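The structure appears right after this line, and notes come after that.
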Amino acid sequence: MIELQSLTFRYAGADRDALHDITLTIPDGAFLGIIGPAGAGKTTLAHAIGGIVPHAVRGDFYGAVRVDGLDTADTRLTDLSRIVGTVFQDVESQIISSVVEDELLYGLENFGVPREEIEERMSFALEEVGIAALRHRTIASLSGGQRQKVAIASLVALRPKILVLDEPTGELDPSSSRQIFSLLQKLNREYGMTVVVVEQKIMLLCEFAERLAVLSEGQIARLGTVRGVLGDIAGLEAIGVNCPRSARFSSLLGEKTGQPVPVCVNADEAVEAARRLIG
Ligand SMILES: Nc1ncnc2c1ncn2[C@@H]1O[C@H](COP(=O)(O)OP(=O)(O)OP(=O)(O)O)[C@@H](O)[C@H]1O
Ligand SMILES: [Mg+2]
């Protein structure tokens with residue numbers, strides 16, 4: 001379980017809080033999507049869960065964050081990283097090796113994973129992320145999207161209980177993005193990992209996440225099921241959230257016809273809703 005209790009964080013020298021009085025509980029096994037406009041505090045929140053805030057970032061930290069019962073402020077980052085694995089928004093800063101295989105190996109050896117388990121974990125992660133063919137390539141020869149996949153595979157190999165991903169598909173094309181989300185779903189459902197993902201591709205997020213948290217100016221503006229949150233299109237747009245077209249459509253359809261129209265999270269549902277109204 002992840003527990004944020006009245007969490008406030010202000011970067012050193014900043015004139016306002018990046019996160020302000022956030023209280024949020026994320027149960028084990030959850031698949032939570034985090035959205036919100038630029039500068040809302042999504043990355044800071046992701047870093048607070050992984051302990052990077054406050055351990056590796058200067059600023060004023062108030063309140064408490066507990067992961068798996070451990071208070072992040074009192075737990076070393078190396079110990080936290082066994083529980084929470086984070087994929088940074090800036091993956092470049094995360095990759096330290098010069099060859100793909102070494103990047104995965106580095107984490108596994110650091111974690112003291114037994115030799116006989118290492119190969120199985122590496123091939124599973126490379127295979128699932130779809131980069132088995134890149135295993136012996138140098139990082140320098142990879143595209144941004146491929147590097148993103150390497151960072152994700154390194155984390156998958158370590159099998160932390162909680163995965164926090166900050167815009168993991170930022171450099172990926174639609175089919176790779178979908179592949180990553182399908183993998184996250186599999187890790188969530190089959191391995192019981194808790195997944196917290198910050199994502200701009202809201203259609204994709206809504207298809208896979210179970211719940212959404214909307215951040216606005218360092219605070220949780222909305223929290224609920226995907227459909228619950230998308231039920232208030234006007235409110236979300238006022239915050240600066242770019243809502244999925246299907247949800248905008250169902251909202252408009254309800255408004256124009258005066259009939260109750262359920263929130264549509266994808267194009268198929270939107271077509272079905274329109275069909276039902278036409279009779
Ligand atoms: N290292 C830093 N020092 C000072 N202020 C920072 C720092 N990093 C972020 N901020 C500020 O904290 C606030 C929240 O930033 P954060 O990066 O968490 O937002 P975000 O929602 O992830 O934005 P984006 O969508 O652009 O990634 C912003 O006002 C930002 O300018
Ligand atoms: Mg960010």
Side-chain angles (χ1 to χ4, degrees), residues 2-24 26 31-65 67 72-73 77 80 84-95 144-145 147-149 151-152 155 162-172 177 180-181 184 195-206 208-209 211-224 226 229-230 235-244:
I2 303 166
E3 293 168 279
L4 311 179
Q5 202 182 332
S6 305
L7 170 65
T8 292
F9 185 74
R10 181 178 294 209
Y11 288 96
D15 56 9
R16 62 182 194 91
D17 297 339
L19 297 176
H20 185 78
D21 198 19
I22 293 195
T23 295
L24 172 69
I26 306 171
F31 193 139
L32 176 74
I34 297 177
I35 56 176
K42 305 181 295 295
T43 294
T44 312
L45 182 65
H47 283 176
I49 296 171
I52 295 128
V53 164
H55 287 290
V57 180
R58 287 199 312 123
D60 295 324
F61 180 96
Y62 302 99
V65 178
V67 288
T72 59
L77 260 183
L80 284 173
V84 188
T86 310
V87 175
F88 295 170
Q89 185 167 7
D90 170 20
V91 282
E92 302 291 329
S93 68
Q94 183 156 26
I95 297 177
R147 287 176 203 196
Q148 212 154 25
K149 289 184 180 177
I152 295 168
L155 212 65
I162 300 168
L163 280 176
V164 178
L165 306 102
D166 191 0
E167 304 202 15
T169 71
E171 300 266 348
L172 301 179
S177 300
I180 294 299
F181 268 86
L184 295 179
V195 176
V196 178
V197 56
V198 175
E199 181 59 62
Q200 302 272 4
K201 292 175 185 142
I202 188 163
M203 286 284 271
L204 191 65
L205 185 64
C206 291
F208 288 93
R211 288 169 73 76
L212 286 182
V214 184
L215 276 187
S216 171
E217 298 184 345
Q219 292 183 283
I220 306 263
R222 299 282 189 286
L223 175 69
V226 170
V229 169
L230 290 182
L236 291 177
E237 291 190 335
I239 296 170
V241 171
N242 206 355
C243 295

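Quantities reported herein were computed from a predicted structural model and do not represent experimental measurements. Every number for a ligand or one of its atoms is a count from 1 in the order of the listing.
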In terms of residue, atom name and distance, what is the protein heavy atom nearest to atom 25 (O) of ligand 1?
Lys42 NZ, 2.7 Å
Less than 4.5 Å apart, any side-chain heavy atom of His55 and any of Leu80?
yes
Below 4.0 Å, non-hydrogen atoms only: which portion of Ala38 touches ligand 1? Side chain, backbone, both or neither.
both
So which protein heavy atom does atom 17 (O) of ligand 1 come closest to, and at what separation?
Thr43 CB, 3.7 Å
Do any non-hydrogen protein atoms sit less than 4.0 Å from atom 31 (O) of ligand 1?
no
How close does the nearest protein non-hydrogen atom get to atom 16 (P) of ligand 1, and which residue and atom is it?
Thr44 OG1, 3.6 Å
Would you say Gln148's side chain and Glu167's backbone share a donor-acceptor pair under 3.5 angstrom?
yes
If you measure every N or O of Ala40 against every N or O of ligand 1, does any of those distances drop under 3.5 Å?
yes
Just to verify, which of Leu212, Leu230, Ile239 counts as forming a side-chain contact (heavy atoms from CB on, under 4.5 Å) with Arg222?
Ile239
Taking distance alone, with N or O pairs closer than 3.5 Å, would you say Gly39 contacts ligand 1?
yes
Between Thr8 and Asp17, does any side-chain donor sit less than 3.5 Å from a side-chain acceptor?
no
Nearest-0.5 Å distance that lies between atom OG1 in Thr72 and atom CG in Leu7:
8.0 Å
Enumerated ligand 1 atoms positioned under 4.0 Å from heavy atoms of Gln89:
27 (O)
Calculate, to the nearest 0.5 Å, the distance between atoms CG and CG belonging to Leu19 and Leu24 respectively.
11.0 Å
When you measure from the side chain of Lys201 to the backbone of Ser177, do you find a donor-acceptor pair of N or O atoms at a distance under 3.5 Å?
no
I'd like to know if the side chain of Gln94 and the backbone of Thr86 have a donor-acceptor N/O pair within less than 3.5 Å.
yes
So is Gly41 polar-close to ligand 1, meaning N/O to N/O under 3.5 Å?
yes
CG-CZ distance between Leu165 and Phe181, expressed to the nearest 0.5 angstrom:
8.0 Å
Of all the non-hydrogen atoms in the protein, which one sits nearest to atom 4 (C) of ligand 1, and at what distance?
Tyr11 CB, 3.3 Å
Measuring from non-hydrogen atoms of Arg16 to any atom of ligand 1, is the shortest distance under 4.0 Å?
yes
Looking only at heavy atoms of Pro37, does any of them come nearer than 4.0 Å to an atom of ligand 1?
yes
Under 4.0 Å, heavy atoms only, figure out whether ligand 1 is touched by the backbone of Ala12, its side chain, both or neither.
neither
Using a distance threshold of 2.8 Å, state whether an N, O or S atom of Gln89 lies below it from the Mg ion (ligand 2).
yes
